[in-house]
Protein chains: 2
Amino acid sequence: MTNEQLKLENQLCFRLYSAARLTMGAYHPYLDPLGITYPQYLVLLVLWEQDKQPVCDIGKRLMLDTNTMTPLLQRMEKAGLITRTRGKEDTRQRIVSLTKQGKALYEQAQTIPESMTKAVMASEEELKQILQMIPLLDKLIEELKKLVESQKSKEINKY
Amino acid sequence: MTNEQLKLENQLCFRLYSAARLTMGAYHPYLDPLGITYPQYLVLLVLWEQDKQPVCDIGKRLMLDTNTMTPLLQRMEKAGLITRTRGKEDTRQRIVSLTKQGKALYEQAQTIPESMTKAVMASEEELKQILQMIPLLDKLIEELKKLVESQKSKEINKY
DNA sequence: TAATTTTGCATCGTGAACGATATAAATCCC
DNA sequence: GGGATTTATATCGTTCACGATGCAAAATTA
């Protein structure tokens, strides 16, 4: 009678959704002192790897469109973490650069990944198990990217 | 010199965050025709399993607080999917019940899980791999719940 | 039973996500 | 070269998430 697949317990997506929210919540004690949010932390991770990138490049790394990136970056600019200057060759672009303050946060962030790992994992064994997820998640993300892309082109082809 | 752990590629959380967003995006073609969003779909999953639940019980299942649930349910009520009545024994409670329309969506949702599975998975083999994530995610979620809970009590004990 | 604490819900404000739409600059193509 | 298309960014509106706060009802405890 009842469709087993339509139960919350059997949904992979609900687990991803919950795990993502809980993880972001777990970052709070580490990010609050730096005065940044988790998405802002992600932007900083990208900029710490390579400074002075146009908005679209950061967006591609984070898989976020400009309608999310622009307001996010505007808030970060207002907070004094970055500057947004016009591109030289391509004047449409906005080059995002770290300020002194944005660079300084890199030092303070050094211990975050290790602290998070230690906080979540009860044991070495458990850590090993959890890390098994990474290649599986990468596979899933790859498939989902293809799927969402194909869904979009289908949508367009309606007309 | 550079901290490898502070690179986007080495972040489990970023993968969870991305996978969750992409999955929700992949649901769009299936949920748009029903006129509901993904979080609303989750609420319906809970109510289809058991109708007439107080807000807090639904929130516990979805791990969402009332500050998220109340507006979400208000929108669903306005859309004619549910009703929110006062509890009889406990008058503080709001009992959430499916309307005829809300129940009717159950039939339309029957094929969603299978469609999603087929859409994402290239092969049986791949599906099997991805499903290996479920127990790992459950483990992680359990750990994160404990962690976030302990972080909260620490916060309180400051005073 | 009175005082205290907890619980269930609501409201407000802020920061994301994201669809839809707009605009100007760059690129393509005939 | 000039018109069409694509690209980079921005803005708007709606829905979520969630911290903070408020309030009344229920439960606990003194």
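First the proteins, then the strands, lettered A, B, ... as listed; each starts at 1. These numbers come from a predicted model, not from an experiment.
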What donor-acceptor contacts under 3.5 angstrom involve side-chain atoms of residues 131-140 of chain A, with partners at least two apart or in another chain?
| unit_1 | atom_1 | unit_2 | atom_2 | d |
| --- | --- | --- | --- | --- |
| Asp138(A) | OD1 | Arg15(B) | NE | 2.7 |
| Asp138(A) | OD2 | Arg15(B) | NE | 3.4 |
| Asp138(A) | OD2 | Arg15(B) | NH2 | 3.2 |

**OP:** May I have the distance from Met69(A) (atom CE) to dC12(D) (atom P), rounded to whole angstrom?
**Re:** 19 Å

Original post:
Would you call Glu124(A)-Lys128(A) a salt bridge at under 4.0 Å N-O?
Top reply: no

Original post:
Taking for each residue the nucleotide of DNA chain D with the nearest heavy atom, is it Pro39(B) or Asn67(B) whose nucleotide lies nearer the 5' end?
Top reply: Pro39(B)

Subject >> Salt bridge present between Glu143(B) and Lys146(B) (N-O < 4.0 angstrom) >> reply: yes

**OP:** Calculate the interatomic distance between Ile36(B) atom CD1 and dC16(D) atom C1'; express it in whole Å.
**Re:** 15 Å

Original post:
Rounded to whole angstroms, how far apart are CD1 on Ile95(A) and C1' on dT9(D)?
Top reply: 12 Å

Subject >> Gap separating the CE atom of Met116(B) from the OH atom of Tyr27(B), nearest 0.5 angstrom >> reply: 4.5 Å

Original post:
Counting only side-chain N and O atoms of Gln40(B), is one of them less than 4.0 Å from OP1 or OP2 of dC16(D)?
Top reply: yes

Original post:
Taking protein heavy atoms under 4.0 Å as touching, what does nucleotides 2-8 of chain C look like 5' to 3' if B marks base contact, S marks sugar-phosphate-only contact and - marks none?
Top reply: -----BS

Original post:
Looking for any heavy atom pair under 4.0 Å, which part of the strands does Arg86(A) touch: base, sugar-phosphate only, or nothing?
Top reply: nothing

**OP:** Please check the phosphate of dA24(D) (OP1 and OP2 only) for any side-chain N or O of Thr91(B) closer than 4.0 Å.
**Re:** no

**OP:** With heavy atoms under 4.0 Å as the rule, sort Thr68(A) into base, sugar-phosphate or nothing.
**Re:** base

Compile the donor-acceptor pairs under 3.5 Å between side chains in residues 96-105 of chain B and protein atoms, sequence neighbours left out, one pair per line.
| unit_1 | atom_1 | unit_2 | atom_2 | d |
| --- | --- | --- | --- | --- |
| Thr99(B) | OG1 | Gly80(B) | O | 2.6 |
| Thr99(B) | OG1 | Leu81(B) | O | 3.0 |
| Thr99(B) | OG1 | Gln101(B) | N | 3.4 |
| Thr99(B) | OG1 | Gly102(B) | N | 3.1 |

Original post:
Using rotation axes that map the C1' atoms of four end pairs onto the next four (five pairs an end), what angle separates the end axes of the helix from dT1(C)-dA30(D) to dC30(C)-dG1(D), to 10°?
Top reply: 30°

Subject >> Out of dA17(C), dA10(D), dA16(C), whichever nucleotide has its closest atom nearest the side chain of Thr70(A) >> reply: dA10(D)

**OP:** May I have the distance from Met63(A) (atom CE) to dA16(C) (atom C1'), rounded to whole angstrom?
**Re:** 16 Å

Subject >> Contact under 4.0 Å: Arg75(A) side-chain N or O vs dA16(C) OP1/OP2 >> reply: yes

**OP:** Name all pairs fulfilling the side-chain hydrogen bond (donor to acceptor under 3.5 Å, both in side chains) condition that reach into residues 75-88 of chain B, sequence neighbours left out, sorted by first residue then second.
**Re:** Glu77(B)-Arg84(B)

**OP:** Could you state the atom-to-atom distance from CZ of Arg84(A) to P of dT9(D) in whole Å?
**Re:** 10 Å

**OP:** Return the residues of residues 11-30 of chain A meeting this criterion: a heavy atom under 4.0 Å from some atom of DNA chain D. Order them by number, or give none.
**Re:** Tyr17(A), Arg21(A), His28(A)

